[in-house]
Amino acid sequence: MSTPRATVSCPTCGLEEHFSKLADARLRIEAHRAATGHDPTWELGRFAPGVEKMGDEAGVCGVNLDGDR
């Protein structure tokens, strides 16, 4: 398998799964929360350089944390 787009893990129960699609990872997080009450997290893999650059410039969730507009 190539580098996963996302890895979902849960420190409470040791869950760790790798996903090639972000949507699948997000669904797994929600399903795990609903089934167990745990709070799993995800770590995103590498993206194309242009995507990473745009994400860095946008900041978290499209909000530029540097205050530049």
Side-chain angles (χ1 to χ4, degrees):
M1 179 176 174
S2 63
T3 303
R5 298 293 298 261
T7 300
V8 173
S9 59
C10 178
T12 305
C13 68
L15 167 77
E16 184 171 305
E17 294 183 30
H18 306 281
F19 296 87
S20 59
K21 295 182 180 179
L22 297 180
D24 292 341
R26 186 69 185 145
L27 288 172
R28 182 63 175 118
I29 288 171
E30 293 306 320
H32 190 71
R33 277 189 185 133
T36 65
H38 297 167
D39 193 22
T41 61
W42 63 357
E43 182 176 328
L44 300 181
R46 299 282 307 181
F47 290 90
V51 173
E52 287 186 357
K53 182 176 187 292
M54 290 178 68
D56 287 343
E57 289 175 0
V60 177
C61 297
V63 176
N64 187 330
L65 299 177
D66 293 330
D68 298 337
R69 297 193 190 266

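Since the structure is predicted, the reported quantities are computational estimates derived from the model, not experimental observations.
Remark: Glu30 CD is packed, more than 12 non-hydrogen atoms of other residues, nucleotides or ligands lying under 6.0 Å away.
Cluster annotation: Leu22 and Leu27 are assigned to distinct hydrophobic clusters (Ile/Leu/Val/Met/Phe/Trp/Tyr, side-chain heavy-atom contacts under 4.5 Å, transitive).
The NE2 atom of His38 sits 5.5 Å away from atom SG of Cys13, with the distance rounded to the nearest 0.5 Å. Residue Cys10 holds its SG atom at 11.0 Å from CD of Glu16, rounded to the nearest 0.5 Å. In this structure, the separation between OG1 on Thr7 and CH2 on Trp42 is 11.0 Å, given to the nearest 0.5 Å.
Among Asp39, Asp24, Leu15, Val8, the one residue that satisfies the side chain to side chain contact (heavy atoms under 4.5 Å, CB included) test with Ile29 is Val8.
Residue Ser20 comes nearest to Arg5 through the heavy atom pair O-CG, 2.7 Å, listed as atom of the first residue, atom of the second, then distance.
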